[in-house]
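Structure record follows, encoded as C-alpha cells.
Quantities reported herein were computed from a predicted structural model and do not represent experimental measurements. Numbers restart at 1 for each chain; the letters A, B, ... are given by sequence-line order, proteins then strands.
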Amino acid sequence: MPMYQVKPVSPGDIKIDLPTCMYKLTNVHAQGMNCSEHALQNGEVDPAVKALEDRQDEVLRRLYELKATVDGLTKTVTTPDADLDATTLSHAPVESVFRGTADLDSLLGKDLGALRDIVINAHPARPPLSLLVLHGLLCQRYQVLSSVHLHSSVPGVPPPLMSCLGPRHTDSYARQRFQLGFTLIWKDVSKLQMKFSTQNMCPIEGEANVARFLSRLLGADPQDPVSATQMDRWIDTAVFQLAEGGNKERAAVLRSLNTALGRSPWLLGEGFSLADVVCACCVLQAGESGSAPANVQRWLKSCQNLGHFRCVYPLLQ
Amino acid sequence: MTKENVQGAGEEEQQAQSKKGLKKQQKEAEKAAKKAEKQAKLAAEQQDTDEDDFAKDRYGICPMVQSQQKLDRALVRVQDLTPEKAEQQIWVRARIHTSRAKGKQCFLVLRHQQFTVQALLAVGERASKQMVKFAANLTKESIIDVEAVVKKVEQKIESCSQQDVELHVERIFVISQSEARLPLQLEDAVRPEGEGDEEGRATVNQDTRLDNRVIDLRTTTSQAIFRLQSGVCQLFRDTLINKGFVEIQTPKIISAASEGGANVFTVSYFKTSAYLAQSPQLYKQMCICADFDKVFCVGPVFRAEDSNTHRHLTEFVGLDIEMTFNYHYHEVIDSITDTMVQIFKGLRDRFQTEIQTVNKQYPSEPFKFLEPTLRLEYMEGVAMLRAAGVEMGDEEDLSTPNEKLLGRLVKDKYDTDFYVLDKYPLAVRPFYTMPDPSDPKYSNSYDMFMRGEEILSGAQRVHDAQLLTERAMHHSIDLEKIKAYIDSFRYGAPPHAGGGIGLERVTMLYLGLHNVRQTSMFPRDPKRLTP
C-alpha cells in the first residue's frame, strides 16, 4: 500500500513540565534509523557486516589449514617407514609397578556418602580374567566390598563363577565401611561393560578399557610415554588378536611375546605391569599355556608365582 | 403488473404442488413394491425353513442342562487344539467370541479362557442353509457345544491363539445363551492403550470394567493376570514351605489397633466395637514368641486410608513373613529376597504365555532382577538422589517421586527392577523397630522395591519388653493400649524380623501395569464397595 506523508499533528517543540522523578535520555531511535536508511540508499556495506565477513573468512582459512595438517599426519601414521621403533628409544627406568600412589578422591570424585561402586557386566561365556586379577590387586590396596550377582537374562552359571571374587568379606553387612565396591554381574551382554557413575560418565566397554580404568585406580600407570604406549599396544594385541583372533594371529602374537620376553623378564622391561596381566590372562584363556614357546612358559610361571593369578585358575576349563 | 406477477406465482405454486404429489405417489408405489418383495422373500425363506431342512437335528438350543443325562462325551479344551489333532472329530465347549456370516459361510471365533480358535460353517453336505443362518445369529458370549473336524490351515490365523488349526463344524448346540446387548465389548476391553484413540475405536474405562467385572474378567488379559497372580501365591507358599516355614492363620477381627490406632476400620461387635486387622503383625510375632521359628500367612489386610491413588486399596491380600534369626537380621533379608527371586524365576519360567498375553495389551519391559538381590543402604540412596539434584535431609523419608527416581537411578547402574534399601532412619519407622547398634539415628529396617515402588516394608523388631516400652513412650503411644503386645515379650523372646508384601502390588509391578485395581479381582477402595 503506498504511503503518504502527513503533517505533524503536534508541533515538535512543545514544552512539557516533567516531574522530578524522571530524567532525560538521548533518543535511541534517531541514530540507528538514519544509518540503515543511509546504507539502503547508497548500497554501501555496513562496517559491522564487513567485519563479520572477514571473521568468517579467517575461520574458514584456519579450518583449511587444520585439515591440511591432519592430512599430513594421517600420511605419516599410515606409511610404514614412519613407524617408530620403540625399542631403540631410551628407556626411563620403570618404577616398581602397582606400588604407585593413587587417591580415590582425586580419581573418582569426592565421596558423597554413597559407596563408590564399580559395576561390571560380563557374559558368563567369557569371564574377564584380567579384571579378576586386578580385583585382587585392588583388594590389597583398598577396603573393597566385592559381590557377584546373576542377572535375570542368564538362566544360571557354574558355581565357580559365582565365587570368583573370593569369599564374602566378614564386614559385608555394613557397606559404609568400604572404600570401593566391586560388583560383578553375570549378564547376557554382547560386550563387557563397566558402569561407575551413570550420570557423569558413559559406560566403558571392552575388557581392555576396563582393565586400564582399574589399573589407574592402582596408580600404576607408567609415567613415561614410551612405556605407556607399549603397554597400550600389548593390551590391544592381547585382546584383539589373542582373545578374538584366529589361529594364525594367535601364533603370531605368541611369537612376538616370546621375542619380547627373551629380552626382559616382563613385557615392559624390569617391572610387572598391566600389560603382563592382560596378556597372561589372554594366553591362559586361549588355552595356549601348554603349547606356548619357552620364554612365554617361563613368564607364565613367574606370573603364577606372584600369586595375583590364583583366582584365575579355577575358571579355566 | 403486480397482479399478473401474483397470478403467475400462484400458478407456479400449483404446478410445483402437483409435481410434489406425483413424486410422493411414485415413492409410495416403490415402497409398496419393496414391501411386497420383502414379504415374498420372507415367505420364501419361511418356506425354505419349513422345507426339507436335512440338517435339522444337527443344531439347536439345548434344553437347560439340569443334569438330565450323563453323557460320556469327552470335551477337548481349546488350548489343546494343535496340529497333532488334525483330521480328528472332536467335541468342544466354548464361548462365541465373534461371528461373521458371509454368504453361505459363517466364521466363528470360539474362546475358552485365554485361548481362541477359528471355526467354520459352510452350506454343504453336512450343514444346511438354515443351520448356517442359525449359527450366524447366535449372540456373542453364548456358550456352545460344537462337534467338528480339526483341520490344519495353510496360512496362520493371526487373530487366534490356536494359529495352525481351524474347526469345520458339523453340529452346533447352544448350552447357555447370552443377552444380545453386552455392557462392554470384549475386543474393546483388550485393545492396547492408545491404539483406540488413533483409530477412533472405543476403549473401555476402568469404572465400566469394574462395574461389569464378570465380563471384564473374561478378557484374555484378565485371565492371564489372575492366573499369574495365583502363581505368585503358589510360588510364595512353595518356596517358604521348602525353607521350613509354617503357614499360620491369624484373626482378622481384633480388639485393639495394632499400630497405634489410625487407619483402622471399626466394626460393631455385639455390644462393643472391634477393628479389622491392619496387618497380622502382632499375631506373627506372638507365634515367634511361641517358638514357631519361621511363619508366614496369606490373608486379607484392611487399611482405612482415604487415598485414591493407583496403588492403594482398602482391602488387599497380604503375604506376611516373620522369622527368628541367629545373629544378624540380614539373615532374614536374605531369606525374604531369595523367596522373591524364586517367585520371579518361577514366573519367568512357568508363566511366559501369560506374561506375553498381558504384554499385548499393556506393553512393558520384562522384569529384571539380580541373584542374590542387590542391597543398598539408605544413606547411599540419599547420596544417589542428591547427586541427581534432589535436595533432602539425612533423616527425611523418601517421597513417592523420589522413590521412583531412585528406582530409575538404580536401574541405570545395576539394571535391576528389584532391590532392597536397608538402614532407614529410626525417626520414620514405627516404634517397634530395632535401632541401629552403631548409630542411633538409623534402624535395622528395610524396604524392598519393584520398578521403583515399595512392595515390602520390614524390620528387625524390638524383642525386649523394656526397650519396647521406652520406644513406645518416645513415640508418645498410650501404653495401656499396647499392653498385651508388650507383655508377649516378657517371657523370653527370640530375636526376629519380618515384613509383609501386598499380593496385588507385586502382580501389578511384575507385569508393569499402572493400576492396582487391574490386579485385584474385586477391588475395594474408598469409592468402591461393589461388586
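- B/Asp415 touches chain A through backbone and side chain together, each having a heavy atom under 4.5 Å away.
- One distance of note links OG of B/Ser438 with CD of A/Gln176; it measures 10.0 Å at 0.5 Å rounding.
- Between B/Tyr414 and the options A/Thr183, A/Thr198, A/Asn121, A/Asp117, a side chain to side chain donor-acceptor pair (under 3.5 Å) holds for only A/Asp117.
- With rounding to the nearest 0.5 angstrom, the CZ atom of A/Arg175 is 5.0 Å from the CG atom of B/Leu376.
- By the 4.5 Å heavy-atom criterion applied to side chains, A/His149 and B/Thr416 are not counted as neighbours.
- Of the atoms belonging to B/Phe344, not a single heavy atom falls under 4.5 Å from chain A.
- A donor-acceptor distance shorter than 3.5 angstrom exists from the side chain of A/Lys195 to the backbone of B/Asp412, with no hydrogens or angles considered.
- For the options B/Lys423, B/Arg375, B/Met384, heavy-atom pairs under 4.5 Å to chain A are most numerous at B/Arg375.
- The environment of A/Arg310 atom CZ is sparse: at most 12 non-hydrogen atoms of other residues, nucleotides or ligands sit within 6.0 angstrom.
- Judged by distance alone, the side chain of A/His151 and the main-chain N or O of B/Leu370 form no donor-acceptor pair under 3.5 Å.
- Ring orientation note: the planes of B/His328 and A/Tyr173 are tilted relative to one another, at an angle of 30° to 60°.
- Across all non-hydrogen atoms, the minimal contact from A/Val154 to B/Arg348 is O-NH1, 4.3 Å.
- With values rounded to the nearest 0.5 angstrom, A/Leu115 atom CG is found 10.5 Å from B/Met379 atom CE.
- With a 4.5 Å cut-off on side-chain heavy atoms, A/Met162 and B/Pro372 count as touching.
- For B/Lys368 (side chain) and A/Ser153 (main-chain N/O), no donor-acceptor pair under 3.5 Å exists by modelled atom type.
- Considering all non-hydrogen atoms of both residues, A/Arg168 and B/Asp334 come closest at NH1-OD2, 4.3 Å.
- Heavy-atom neighbours of B/Gln356 CD from other residues, nucleotides or ligands within 6.0 Å: above the threshold of 12.
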